[in-house]
J.: 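I am attaching a structure below and will ask some questions about it afterwards.
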Amino acid sequence: MLLEVIVQSIADARAAAEGGADRLEVVRAIHQGGLTPSLAVVRAIAIETALPLRVMIRENAGYELAPGELPVLRRAAAEFVEAGVDGLVVGFARSGEVVLDDLQEVLEGLRGVRVTFHRAFDSLRNPQSAIPTLTAVSHIDRILTSGGDGPPHVRSARLSDYGRLAGPRVAIIAGGGVDEEALASFVRDGCVREFHVGRAARDGGDPDGEVSAARVRHLKTRLARPG
């Protein structure tokens, strides 16, 4: 079981690593769902920890590419790839449909880069039907999703369905509203093997608070013993 923790700073990264995180997602403005961090912060975190880094590529709180954002996102993506990150976190949707053209424009010329298609997936009218479209994109190796609305057992069933549709090459990451109850349910059901946490890794669940090594350590324990 793999635990990915959202971090915004060197202090966050240090605490997440101390707590046993397996991978970090680097963002800024976590309260807006996570926006593109600065290159300086990403480089500093890469020096601080050897954990794999996935870095957010996003300039607004929605899932559509706004006017003037494309060159900014392309430049950021190229800089992060050059810095040696594990992968990028990016995705676009409009009116409930995936917008692949925008994704491909952001990634143009970036050979071999790995991509997590983020929670734009959860805004889609029919997420299941979009999965074959996403898995056909060679860059995408992960899809991040909450599993939709409902209690954990309902979300777990959806996550299992998503995993069957995605096949072995693309992993489904459970993220968005993954508290301890949901995490334990997902682990018991075996619907996913990767988990993405933000609030749950912070004392008091404050999204703008710092990551707590103790909270991350506790979540790792729950992954090992979910009962």
Side-chain angles (χ1 to χ4, degrees), residues 1-27 30-31 33-34 37 42 44-56 85-87 89 114 116 118-119 121-122 141-164 166 168 170-227:
M1 299 291 179
L2 183 149
L3 184 66
E4 176 180 271
V5 177
I6 303 172
V7 301
Q8 299 191 99
S9 66
I10 297 172
D12 277 355
R14 186 182 297 120
E18 181 183 340
D22 301 293
R23 187 172 63 227
L24 307 180
E25 180 185 280
V26 188
V27 309
I30 191 174
H31 57 282
V42 172
I45 289 174
I47 291 170
E48 178 66 27
T49 174
L51 290 176
L53 306 182
R54 292 262 163 151
V55 182
M56 180 66 77
V85 302
D86 177 66
V89 182
R114 297 188 289 185
T116 299
H118 62 45
R119 290 190 61 205
F121 180 81
D122 288 336
D141 69 350
R142 283 169 172 79
I143 297 171
L144 175 64
T145 172
S146 66
D149 298 327
H153 73 276
V154 172
R155 295 166 61 193
S156 178
R158 288 197 198 97
L159 290 167
S160 292
D161 187 37
Y162 294 163
R164 285 191 294 271
V170 175
I172 300 298
I173 312 175
V178 178
D179 56 16
E180 285 193 50
E181 179 189 7
L183 184 146
S185 178
F186 296 163
V187 173
R188 281 195 302 269
D189 292 345
C191 57
V192 292
R193 296 194 60 80
E194 298 193 15
F195 301 84
H196 170 94
V197 295
R199 293 174 185 267
R202 291 161 166 82
D203 286 328
D206 179 3
D208 285 318
E210 291 190 348
V211 170
S212 161
R215 288 294 308 155
V216 175
R217 192 175 298 113
H218 177 70
L219 293 172
K220 285 287 289 186
T221 300
R222 294 303 301 270
L223 287 181
R225 293 185 281 110

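Owing to the predicted nature of the structure, the values given are computational and were not obtained by experimental measurement. Note that the numbering runs from 1 along the sequence shown for the chain.
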J.: Can you confirm whether Arg155 sits close enough to Ser146 that some side-chain heavy atom of one is under 4.5 Å from a side-chain heavy atom of the other?
T.: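 Of all side-chain heavy-atom pairs linking Ser146 with Arg155, at least one is under 4.5 Å.
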J.: Under 4.0 Å between a Lys/Arg side-chain N and an Asp/Glu carboxylate O for Asp161 and Arg158?
T.: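 No, this pair does not count.
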J.: If you take all heavy atoms of Val216 and Ala201, which pair is closest and at what distance?
T.: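 Closest approach of Val216 to Ala201, heavy atoms only: CG2-CB, 3.9 Å.
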J.: Any Lys/Arg nitrogen of Asp179 or Arg199 sitting under 4.0 Å from an Asp/Glu carboxylate oxygen of the other?
T.: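 No, no charged N to carboxylate O under 4.0 Å.
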J.: Does a side-chain N-to-carboxylate-O contact under 4.0 Å join Arg54 and Asp141?
T.: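 Yes, this pair counts.
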J.: Nearest 0.5 Å please: distance from the OG1 atom of Thr116 over to the CE atom of Met56.
T.: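 That separation rounds to 9.0 Å.
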J.: So which heavy atom on Ile6 is nearest to which on Gly198, and how close?
T.: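 Closest approach of Ile6 to Gly198: CD1-CA, 3.8 Å.
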J.: Rounded to the nearest 0.5 Å, what separation is found between the CD1 atom of Ile143 and the CD1 atom of Ile172?
T.: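 Those atoms lie 4.5 Å apart.
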J.: If you define the side chain from C-beta out and look only at heavy atoms, does anything of Val187 sit under 4.5 Å from Phe195?
T.: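 Heavy-atom side-chain distance check passes, below 4.5 Å.
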J.: Answer yes or no: is there an ion pair linking Asp203 with Arg215, defined by an N-O contact shorter than 4.0 Å?
T.: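 So Asp203 does not pair with Arg215 through a salt bridge.
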J.: Can you tell me how far CD1 of Ile30 sits from CD of Glu25, rounded to the nearest 0.5 angstrom?
T.: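 It comes to 8.5 Å.
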J.: Which heavy atom in Leu24 sits nearest to a heavy atom in Ala16, and how many Å separate them?
T.: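 Here Leu24 and Ala16 meet closest at CD2-CB, 3.6 Å.
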J.: As an exercise, state the distance from CD of Glu181 to CZ of Phe186, rounded to the nearest 0.5 Å.
T.: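 Atom-to-atom, Glu181:CD and Phe186:CZ are 9.5 Å apart.
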J.: So which heavy atom on Ala13 is nearest to which on Ile45, and how close?
T.: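 Nearest pair, atom of Ala13 first, then Ile45: CB-CG2, 3.7 Å.
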J.: Side-chain contact, heavy-atom cut-off 4.5 Å: Val27 with Gln8?
T.: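 The answer is yes; the side chains approach within 4.5 Å.
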J.: Looking only at non-hydrogen atoms, find the nearest pair between Lys220 and Gly19 and report the distance.
T.: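 Answer, listing the atom of Lys220 first, then Gly19: CG-O, 3.9 Å.
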J.: For Asp208, does the CG atom have more than 12 heavy-atom neighbours from other residues, nucleotides or ligands under 6.0 Å away?
T.: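 Yes, because the 6.0 Å sphere around CG of Asp208 holds more than 12 heavy atoms from other groups.
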J.: How many angstroms lie between CG in Leu183 and CG in Leu223, if you round to the nearest 0.5 Å?
T.: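 Between atom CG of Leu183 and atom CG of Leu223 there are 4.5 Å.
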J.: Looking at Pro37 and Val55, what are the two nearest heavy atoms and their distance?
T.: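 That closest heavy-atom pairing would be CG-CG1, 3.5 Å.
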J.: Suppose we screen for salt bridge (charged side-chain N to carboxylate O under 4.0 Å, His left out). Which residues come up paired with Arg193, at least two apart in sequence or across chains?
T.: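 Here no residue qualifies.
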J.: Taking Val5 as the fixed residue, which of Asp22, Val211, Asp12, Leu51 is the one that meets the side chain to side chain contact (heavy atoms under 4.5 Å, CB included) rule?
T.: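 Of Asp22, Val211, Asp12, Leu51, side chain to side chain contact (heavy atoms under 4.5 Å, CB included) with Val5 is met by Val211 alone.
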J.: For a salt bridge (Lys or Arg N to Asp or Glu O under 4.0 Å) check, start with the C-alpha distance between Glu180 and Arg222, then their side-chain angles and the critical distance, and finish with the verdict.
T.: CA-CA 8 Å; Glu180 285 193 50; Arg222 294 303 301 270; 2.7 Å; yes
J.: Just do the side-chain contact (heavy atoms from CB on, under 4.5 Å) check on His196 and Arg23 with the steps written out, would you?
T.: CA-CA 9 Å; His196 170 94; Arg23 187 172 63 227; over 6 Å; no
J.: Would Leu144 and Arg142 satisfy side-chain contact (heavy atoms from CB on, under 4.5 Å), going step by step from the backbone distance to the final call?
T.: CA-CA 7 Å; Leu144 175 64; Arg142 283 169 172 79; over 6 Å; no
J.: Rounded to the nearest 0.5 Å, how far apart are CG of Leu53 and CD of Glu4?
T.: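 With rounding to 0.5 Å, CG (Leu53) is 10.0 Å from CD (Glu4).
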